[in-house]
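Have a look at the structure below before the remarks.
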Amino acid sequence: MTRTIRVAVPGPFTEPLDYLVPSRLPLPRRGVRVRVPLGRRELVGMVTAAPSGSNLAADRLRPITAVLDDEPLLDEETSSLIEWAAHYYHHPVGDAYLTALPARLRQGQAAAPAIATVWTITAEGRETAPESLARQAPRQAVLLEALQAEEHLSPARLAGFDGDPRGALQRLVERGLASLTPVPDYGLIIGRGEESNLALNDEQIAAARAIQPGEGHEVVLVDGVTGSGKTEIYLDAIARSLAQGLQTLVIVPEIGLTPQLVRRFQRRLPGRIAVLHSGLGDGERLNAWLAARTGEADVVIGTRSAAFVPLRRPGLIVIDEEHDASLKQQEGFRYSARDLAVLRAHRLDIPVVLGSATPSLESLENVRRGRYTRYRLCQRAGDARPPVIQLLDMRGQPTRDGLSQPLIDQIHRHLEGGGQALLFLNRRGFSPTLICHECGWLAECDRCDARYTYHRGRGRLHCHHCDRERSLPHHCPSCGSVDLRPLGLGTERIETALQAAFPETPPVRIDRDSTRRRGSFERQMEAARRGDTRLLLGTQMLAKGHHLPAVTLVAIIDADQGLFGADFRAPERLAQLVVQVAGRAGRAERSGEVAIQTHHPEHPLLQMLIHGGYPAFAEAALAEREAAGLPPARAMALLRAEAPSREAPQAFLKAALAGAPRDPRVERLGPYPAPMERRAGRYRAQVMLQSDLRAPLQHLLTQWLPRLGRLPEARRVRWSIDVDPAETL
DNA sequence: TTTACTTGAGTT
DNA sequence: ACTCAAGTAAAT
C-alpha cells in the first residue's frame with residue numbers, strides 16, 4: 001500500500017498536493033488536518049482524499065510531519081461543499097478549506113472546546129436529604145437541593161445564589177456529597193422554549209406548512225413586508241426541526257445579527273443555540289463551531305461563513321434577508337453564502353427558507369422557473385395599515401440644507417401628533433464636496449477619482465474610498481481665497497438643519513461616525529425605542545435597525561443617487577431601501593407616511609414602487625434584465641485587474657482576452673475601466689463575461705484562468721475573478 | 001565592495 | 001502566499 005494522501009494547503013494551488021505518510025504516523029482520513037512541509041515552510045493543510053495513486057513520481061513527494069486530528073473535523077458533506085465552492089468561484093482549494101475553519105483550527109490548535117469546572121452531585125449526595133444539613137449549614141442545604149434537581153452547577157449558574165456559594169460548595173465536596181468535574185463548555189445559549197402569545201395567521205400557516213424538516217428538499221421563499229411575521233415562521237419551523245431532533249442553521253447578514261434577534265430565539269426555542277459571527281473571540285468562535293459539528297447545538301445562528309459549518313444532524317436551513325449583498329463575500333474567496341446554503345440544503349435533502357421583504361431578483365427568477373415556492377405575507381401584525389408613500393418634488397423648491405418646506409411641515413405635524421420621524425441619507429459627513437467659491441477648485445483625493453468628504457465634527461476632510469484624511473485647508477490652494485464652501489448633503493449637515501428647524505426636538509444622528517464606540521448603536525436605538533428620541537436621522541444602518549413602534553414618518557432625503565447609479569443593480573438597491581424604510585413606519589396602531597424627496601418624481605422606478613409596490617417593481621426589473629441580457633437572466637463573471645499604472649490592467653486584460661478560449665455561447669465585454677477608475681492609488685479595469693447558461697461560462701473559466709497567471713502582463717497587476725458578482729464596480 | 005531593493009521561479 | 005536566488009541600483 002502506498003501511504004500517499006492528497007492535502008489541500010494554503011497557497012495558489014487549484015488542486016490539493018500529494019504527500020507521503022511516514023509509517024510512524026496513522027494514515028489520516030479525509031477531513032483530518034495535517035502538518036506538511038512546503039518549500040521552507042511548514043503549514044496546516046486538510047486531507048481531501050483517502051490514499052490513492054499520485055500523479056507525481058513518488059520520489060518527489062515529501063512526508064507529512066504530523067496528524068492533527070483523531071477524527072475528521074469535516075464530514076464528507078462539508079468537505080465536498082467546500083471543494084465545490086472552490087471550483088465554482090475559482091478560488092484556491094486550500095484557501096477555501098482554511099477560510100471555512102475557525103482561526104484556531106486554521107493555526108493547528110486542538111479541536112477541543114473550552115473546559116469549565118462544574119460541581120456535580122455524587123451518589124452519596126443523591127441519597128442525602130437536604131434537611132439533614134438545614135440546621136447547621138443552611139446554605140449547603142440549599143445548594144445540595146439545587147444539585148439534586150439540576151445534576152450539576154456551572155460557575156455561571158452560581159450567580160443565581162446569594163453571596164458567593166463557592167465556600168459552601170467546597171464544604172459539600174469535603175462531605176463527599178459533591179465533586180468538581182471538568183466538562184466541555186461550548187458557551188451555548190440555553191433556549192427557554194416559551195410559547196408565542198400570537199397565533200400564526202392564515203398566510204403564515206401556509207408558509208410554515210411548506211417547510212417540513214425531515215421531509216426532503218424544498219426551497220421556500222417567504223416574501224413579506226416588515227412586520228408581517230417572517231421570524232415567527234422561522235421560529236415555528238425551527239421548533240419543529242428541533243422536535244425531530246434535527247439541527248437548524250440560520251444565516252443572517254452581519255448587521256442583522258442583533259442581540260435582539262438572539263434574545264428572541266433564546267426566549268422561544270426549546271434548544272441550545274450557538275452564535276457565530278465576526279465579533280467573537282477566537283475561543284468563542286471555535287466553541288460555537290465545535291458545538292455545531294458535534295451536535296451539541298440545536299440551532300446555529302451565524303453570518304456568511306457559517307454556511308460552511310459542519311452539522312451533525314441537519315434538518316433545516318434558514319437564510320434571513322436573502323437579498324442582502326453582504327451575504328456575498330466581496331474579496332478573496334468570493335462566495336455567496338445564500339447560494340451555497342441552497343445548494344447545501346439540496347444535497348442534504350432538507351428544506352431551506354429564504355426570507356426577505358424585498359427578495360432578490362435572482363430568487364424571484366427561481367420562483368418563476370418553478371425551482372422555489374413563494375409565499376407572500378401581506379397582513380401586517382396587529383392590523384397595522386401599510387404606509388402611504390408620497391413623492392416630494394424638489395424641482396424649484398427652496399431648500400434649507402436639503403430639507404424642503406413640505407418635508408419640514410410634515411415632520412412638524414408628526415412630532416406634534418406624538419409620532420417619531422426617521423430620516424435617511426446614505427452619505428456620511430457634512431458634505432460630499434468642498435468647493436472654492438472664487439475659482440471652483442474642488443478638494444479631491446490624490447489617490448482616488450473622488451472628492452473628499454467634509455466632516456465638520458472632526459474638522460477634517462476624509463476620503464470614503466481610501467480612508468485618507470487631511471486637515472481642513474484654510475484657503476484655496478489654487479487661488480488663495482478663504483471662501484471654501486461645503487457642496488452637497490451629508491448626514492452631519494442634515495443634523496444641523498434639523499437642529500435649526502426643530503430647536504425643541506434635538507435630532508439624533510446614527511451613522512458609522514456617531515456609533516463608532518462599542519455598543520453606542522444599541523444604546524441609541526434603545527433610547528429611540530423608549531421614545532426619548534423623537535427625531536432620528538441616519539444612513540442605511542438605521543434602515544436595518546430595530547422595531548421602533550412609535551415611528552409615523554419616514555423620509556428619504558435624496559432618492560436621486562439611487563436612480564442613476566453606475567451599477568446595474570442600483571435601482572434594485574434603491575427599491576429595497578425604500579421598502580425597508582417604509583417598513584419602519586406605522587408599525588403599531590398609528591398608520592405611517594413615507595416621504596421621498598426627488599428631482600425626478602416621474603421616474604418609472606419610483607412610479608412603479610408607489611403604485612405597485614416592490615412586486616411590481618421586481619417584475620418590471622426582471623423584464624428589463626431579460627431584455628438587457630443581465631443577471632439573473634444570464635450568468636455573469638467579472639475578471640478584474642488593478643495596478644499603480646493605468647496601462648498595466650488594460651494590457652493584462654487585453655492579453656488575457658486574446659488568449660481566451662473561444663465559445664460563441666459566452667459573450668465578452670471590455671476591457672473597460674471600473675466606474676471609479678483610480679482608487680487608493682490603483683487603477684482598476686475589468687472584463688465582463690456573460691452567458692445564457694452557467695455551464696459554458698464555467699467551462700471557459702476552468703480552461704482559461706490557469707493560463708492567466710503565466711502571462712507576462714500578469715506580473716504587473718493584481719487580478720481576480722468574481723463569479724456571480726454582487727457589484728460590477 | 002557592501003547592502004538594500006526588485007524580479008522571477010517554484011513549492012507535492 | 002511565501003521564500004529564495006539572481007540581478008540591479010545606490011551607498012561606502
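These values consider heavy atoms only, across backbone and side chains, with no hydrogens, waters or symmetry-generated copies. Just so we're on the same page: letters track the sequence lines, and every chain starts at 1.
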Taking 5' to 3' order, which nucleotide of DNA chain C is first and which is last to have an atom within less than 4.0 Å of a heavy atom in chain A?
->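 First-to-last contact on DNA chain C, by the 4.0 Å heavy-atom rule, is C:dA1 to C:dC4.
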
Gap between atoms CZ and C1', on A:R41 and B:dT12 respectively (whole Å) =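 Those two atoms, CZ and C1', are 13 Å apart.
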
Please report, rounded to the nearest Å, how far the C1' atom of B:dT12 is from the CG atom of A:D18.
->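 These atoms are roughly 6 Å apart.
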
Could you tell me whether a side-chain N or O of A:K328 sits under 3.5 Å from a main-chain N or O of A:E727, the two making a donor and an acceptor?
->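 Not confirmed, A:K328 side chain does not pair with A:E727 backbone.
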
Hey, does the side chain of A:R684 reach the backbone of A:M676 with a donor-acceptor pair shorter than 3.5 angstrom?
->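 Such a contact is found between A:R684 side chain and A:M676 backbone.
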
Less than 4.0 Å between a side-chain N and a carboxylate O, is that true for A:E76 and A:R30?
->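 Salt bridge: yes.
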
Between A:E677 and A:R646, is there a salt bridge with N-O shorter than 4.0 Å?
->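 Looking at A:R646 and A:E677, the cut-off is met.
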
How are the rings of A:F308 and A:F333 set to each other: parallel, tilted or perpendicular (split at 30° and 60°)?
->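 Plane angle under 30°, so parallel.
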
A:Y88 ring center within less than 6.0 Å of A:Y335 ring center |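 Ring-ring flag for A:Y335/A:Y88: false, centres at least 6.0 Å apart.
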
Is A:P12 touching bases, backbone alone, or none of the nucleic acid, heavy atoms closer than 4.0 Å?
->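 Base contact - A:P12 has a heavy atom under 4.0 Å of at least one base atom.
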
What does A:R62 touch in the nucleic acid at a heavy-atom separation under 4.0 angstrom: a base, only the sugar-phosphate, or nothing?
->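 Result for A:R62 = sugar-phosphate.
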
Given that A:R40 and A:R718 both sit by DNA chain C, which one's nearest nucleotide is further toward the 5' end?
->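 Per heavy-atom nearest nucleotide, the more 5' residue is A:R718.
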
Partner set under side-chain hydrogen bond (donor to acceptor under 3.5 Å, both in side chains) for A:D349, not counting sequence neighbours |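 Once residues adjacent in sequence are excluded, A:D349 has no partner under the side-chain hydrogen bond (donor to acceptor under 3.5 Å, both in side chains) criterion.
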
Polar atoms only, N or O, under 3.5 Å: list the protein pairs with nucleotides 4-9 of chain B and their distances.
{"unit_1": "B:dG8", "atom_1": "OP2", "unit_2": "A:R715", "atom_2": "NE", "d": "3.2"}

Would you say A:H91 and A:S720 make side-chain contact, with heavy atoms under 4.5 Å?
->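 Side chain of A:H91 against side chain of A:S720, heavy atoms only: no contact under 4.5 Å found.
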
